[in-house]
K.L.:
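Sending over a structure as structure tokens; questions will come in a sec.
Every chain is numbered from 1, with letters handed out A, B, ... down the list of sequences.
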Amino acid sequence: MPPPLLRDPATVLPSLGAPAPHPHLLRALHAHLLVSARLASPSHLAAFAASLASASHLAYARLVLPRRPATLLAHNALLRALARGPRPGLSFAAFRHLPLPPDHYSLTFLVRAAATLAASAAAGRPVPGQVNARLLAVSAHGAAVRRGHAADPHVQSGVVSMYAALGDVADARAAFAEIACPDVVCVTAMVGALAAGGDVDAARELFDGMPLRDHVAWNAMIAGYVHVGRSREALRLFDQMQRAGAAIGEATLVSVLTACAQIGALDRGKWVHWYMRSRGMRMSVTLGTALVDMYSKCGAVVTAMEVFESMGERNVYTWTSAVSGLAMNGMGLECLELFKRMESAGIQPNGVTFVAVLRGCSMAGLVDEGQACFDSMKGKHGVDPWLEHYGCMVDLYGRAGRLDDAINFINDMPVEPHEGVWGALLNASRIHNNVELGKHALDKLLAIESQNDAAHVLLSNIYAESQNWKGVSRVRGVMKAKGVKKVPGWSAIEVDGKVHEFFVGGRSHPRHKEIEMMLAEMGRRLRLQGYAANTKEVLFDIEEEEKEGAISLHSEKLALAFGLIALPEGVEIRIVKNLRVCKDCHDYTKLISKVFNREIIMRDRNRFHHFKDGTCSCKDYW
DNA sequence: ATAGGGTTAG
């Protein structure tokens with residue numbers, strides 16, 4: 001009786017991500033295959049070759065394969081295993097040494113290998129073997145053309161997404177244009193390529209023109225909207241997808257959850273969670289991670305942690321989401337604790353994880369702990385600090401008022417400081433009203449990036465907070481002269497599952513009349529409490545919103561007024577803003593929470609503010 | 001007897 005492993009060639013195939021079979025097992029397997037004469041069967045040989053190729057047993061595969069009559073089946077199995085393995089670049093070596101002419105299967109595997117390498121390179125991950133992803137992509141495409149398989153639909157769709165993974169929309173377009181009669185898969189690949197390149201409108205046009213859309217096509221389009229931050233459109237498309245009766249699967253829900261996270265659509269996010277449970281969907285790592293992210297970005301950090309704890313399998317993304325969620329919600333100590341748990345669990349943190357922990361420490365004023373984390377990066381975890389991490393450290397010292405430490409840290413940096421480092425110093429100067437240091441940081445910042453909008457706005461706010469109105473108008477003049485563009489700010493609020501978006505000074509909401517009346521009422525009641533706008537027409541929103549005269553209002557005030565009208569008493573008001581909240585709006589919201597006796601949860605670009613009884617969870621430290 | 005497009009953290 002052979003071991004169960006040998007009954008079917010398929011069972012010998014390595015599953016993705018599985019550890020490499022132990023050499024002893026491979027030798028035993030080899031012996032069995034030889035003795036039972038199964039190695040003469042091409043399918044068994046193919047399965048065995050794939051098993052050998054699954055990791056570091058490539059040499060063994062090279063030893064076994066040439067001793068048998070060459071079959072493309074076995075060699076394709078090798079290519080397939082290599083393309084899906086940890087070092088896809090090895091497919092190219094195997095391809096070059098093929099003893100037979102490759103077929104359309106071989107080319108499909110080669111293209112997939114190139115696409116995987118391209119994706120790694122685009123993500124900034126080191127490519128094993130130090131290969132040039134673009135060179136390999138072009139050579140894979142070229143091989144397909146030379147071998148006469150460039151017209152195979154499987155190869156074509158792969159080539160389109162391969163160029164998309166490289167970030168080369170023009171080449172993806174060119175490859176797509178060559179397809180005489182693109183099928184639904186090829187068109188979907190192109191929709192994804194256009195969306196990844198940022199041109200979602202072109203993607204949408206292509207999508208709308210599709211004679212037939214399957215669920216993957218819908219997913220590609222929804223993900224495209226999410227990718228460029230047009231989450232409301234993503235959610236609208238998801239509604240249409242359901243009405244169209246397309247199959248809703250994991251990939252769809254992950255994109256929908258990402259959209260909910262972006263705009264703080266907690267009710268919709270909860271609905272997805274409910275939907276998963278009602279359909280008995282498995283909580284995969286990806287789906288669970290998306291849920292943790294959604295709940296924490298919607299301010300429901302307790303639920304986020306419940307989901308996190310309930311997950312059977314967690315990877316570095318899951319842990320990082322949770323660490324980042326705690327940081328964002330101002331729970332610096334808990335964030336640090338979870339990070340330590342991650343270390344004990346043997347999950348290797350990466351650069352993104354460290355950005356999250358350092359930000360958590362920074363927001364909670366945990367200077368020594370943050371310093372210890374930073375010091376452990378390289379030695380203990382083998383993670384080389386990025387410029388972002390240096391920026392986090394300057395932020396950590398600077399926020400805590402240790403401006404000298406921040407400056408010394410910058411002077412001791414082994415690399416040239418980038419705009420983020422100077423930006424952090426500039427922000428620290430603002431918090432601690434150090435105009436001189438702020439000017440210095442700004443000079444450095446503008447020398448690197450003269451069009452930096454946030455820098456100008458920050459300097460203006462430093463002047464404003466120290467009542468230097470001349471300085472403020474000078475900065476504004478400079479901005480106008482240079483044509484520095486400001487990102488428009490928005491605030492979103494969800495009411496009955498519908499997300500309402502407000503822009504600065506906006507009047508386009510259907511209930512704008514009521515909002516105006518509510519704003520007047522809010523102002524009247526605040527004045528009774530002694531509130532006076534601490535800055536008249538001069539204070540910018542911390543980043544880019546501009547206040548133009550007394551009638552213009554920051555978007556969060558509009559959203560807040562609408563929340564007071566549309567949400568019943570006792571229900572907390574949740575607002576999500578794309579920029580940082582300014583001091584005036586922060587003071588205003590604190591008082592509103594007291595005067596109207598409402599809990600207000602506001603997420604800005606960096607963190608959450610939980611307002612209650614006239615105080616904020618950030619302790620005015622942001 | 002092997003194959004293509006869509007999904008997670010800053």
K.L.:
Out of B/dG4, B/dT7, B/dG5, which nucleotide sits closest to the side chain of A/Pro153?
P.N.:
B/dG4
K.L.:
So, A/Arg341 and A/Glu309, do they make that salt bridge, N to O below 4.0 Å?
P.N.:
yes
K.L.:
Counting only side-chain heavy atoms from C-beta out, which of B/dA9, B/dG10, B/dG4 sits nearest to A/Val355?
P.N.:
B/dG10
K.L.:
Does a salt bridge link A/Asp152 with A/Arg147, judged by any charged N lying under 4.0 Å from a carboxylate O?
P.N.:
no
K.L.:
Can you measure A/Glu250 atom CD to B/dT8 atom P for me and round it to whole angstrom units?
P.N.:
11 Å
K.L.:
In terms of side-chain geometry, is the basic nitrogen of A/Asp201 or A/Arg230 positioned less than 4.0 Å from the acidic oxygen of its partner?
P.N.:
yes
K.L.:
Whole Å only: how far is the CG atom of A/Asn315 from the P atom of B/dT8?
P.N.:
12 Å
K.L.:
Pick base, sugar-phosphate or nothing for A/Val184, based on heavy-atom distances below 4.0 Å to the nucleic acid.
P.N.:
base
K.L.:
Could you state the CG-C1' distance from A/Leu206 to B/dG5, rounded to the nearest angstrom?
P.N.:
12 Å
K.L.:
Rounding to a whole Å, what distance do you find between A/Arg80:CZ and B/dA3:P?
P.N.:
5 Å
K.L.:
Under the ring pair (Phe, Tyr, Trp, His ring centres under 6.0 Å) test against A/Phe374, which residue among A/Tyr390, A/Phe354, A/Trp386 passes?
P.N.:
A/Tyr390
K.L.:
Of all the choices, B/dT7, B/dG10, B/dA3, which nucleotide is nearest to the side chain of A/Thr108 once you look at every atom?
P.N.:
B/dA3
K.L.:
Kindly point out which of B/dG5, B/dG4, B/dG10 is positioned nearest to the side chain of A/Glu388?
P.N.:
B/dG10
K.L.:
From C-beta outward on A/Leu73, which listed nucleotide comes closest to its side chain: B/dG6, B/dG5, B/dA1?
P.N.:
B/dA1
K.L.:
Just how far, in rounded Å, is C1' of B/dG4 from CZ of A/Phe176?
P.N.:
14 Å
K.L.:
Ignoring hydrogens and geometry beyond distance, is the side chain of A/Asn350 in donor-acceptor contact with the base of B/dA9 at under 3.5 Å?
P.N.:
yes
K.L.:
How many whole angstroms separate atom CE of A/Met311 from atom C1' of B/dA9?
P.N.:
12 Å
K.L.:
Among B/dG6, B/dA3, B/dT7, which nucleotide sits nearest the side chain of A/Thr286?
P.N.:
B/dT7
K.L.:
Please pick, from B/dG5, B/dA9, B/dT2, the nucleotide with the shortest atom-to-atom distance to any side-chain atom of A/Asp103.
P.N.:
B/dT2
K.L.:
At less than 3.5 Å, do the side-chain atoms of A/Asp183 and the base atoms of B/dG4 form a donor-acceptor pair?
P.N.:
yes
K.L.:
Nearest to the side chain of A/His154, heavy atoms from C-beta on, is which of B/dA3, B/dA9, B/dG6?
P.N.:
B/dA3
K.L.:
Quick test of your reading of the model: are A/Arg243 and A/Asp239 salt-bridged, counting only N-O distances below 4.0 Å?
P.N.:
no
K.L.:
If I take atom CD1 in residue A/Ile222 and atom C1' in nucleotide B/dT8, what distance separates them, rounded to the nearest angstrom?
P.N.:
16 Å
K.L.:
Kindly say if A/Arg112 contacts the phosphate of B/dG4, meaning a side-chain N or O under 4.0 Å from OP1 or OP2.
P.N.:
yes
K.L.:
Side chain of A/Thr188, base of B/dG5: donor and acceptor closer than 3.5 Å?
P.N.:
yes
K.L.:
May I have the distance from A/Phe354 (atom CZ) to B/dA9 (atom P), rounded to whole angstrom?
P.N.:
20 Å
K.L.:
Is A/Lys297 near enough to B/dT8 that one of its side-chain N or O atoms lies under 4.0 angstrom from OP1 or OP2?
P.N.:
no
K.L.:
Of the listed nucleotides (B/dG5, B/dA3, B/dT7), which one gets closest to any side-chain atom of A/Ala223?
P.N.:
B/dT7
K.L.:
Which residues satisfy the salt bridge (charged side-chain N to carboxylate O under 4.0 Å, His left out) test with A/Asp103, sequence neighbours excluded?
P.N.:
none
K.L.:
Using a heavy-atom cut-off of under 4.0 Å over every strand shown, decide if A/Thr289 touches base, sugar-phosphate, or nothing.
P.N.:
base
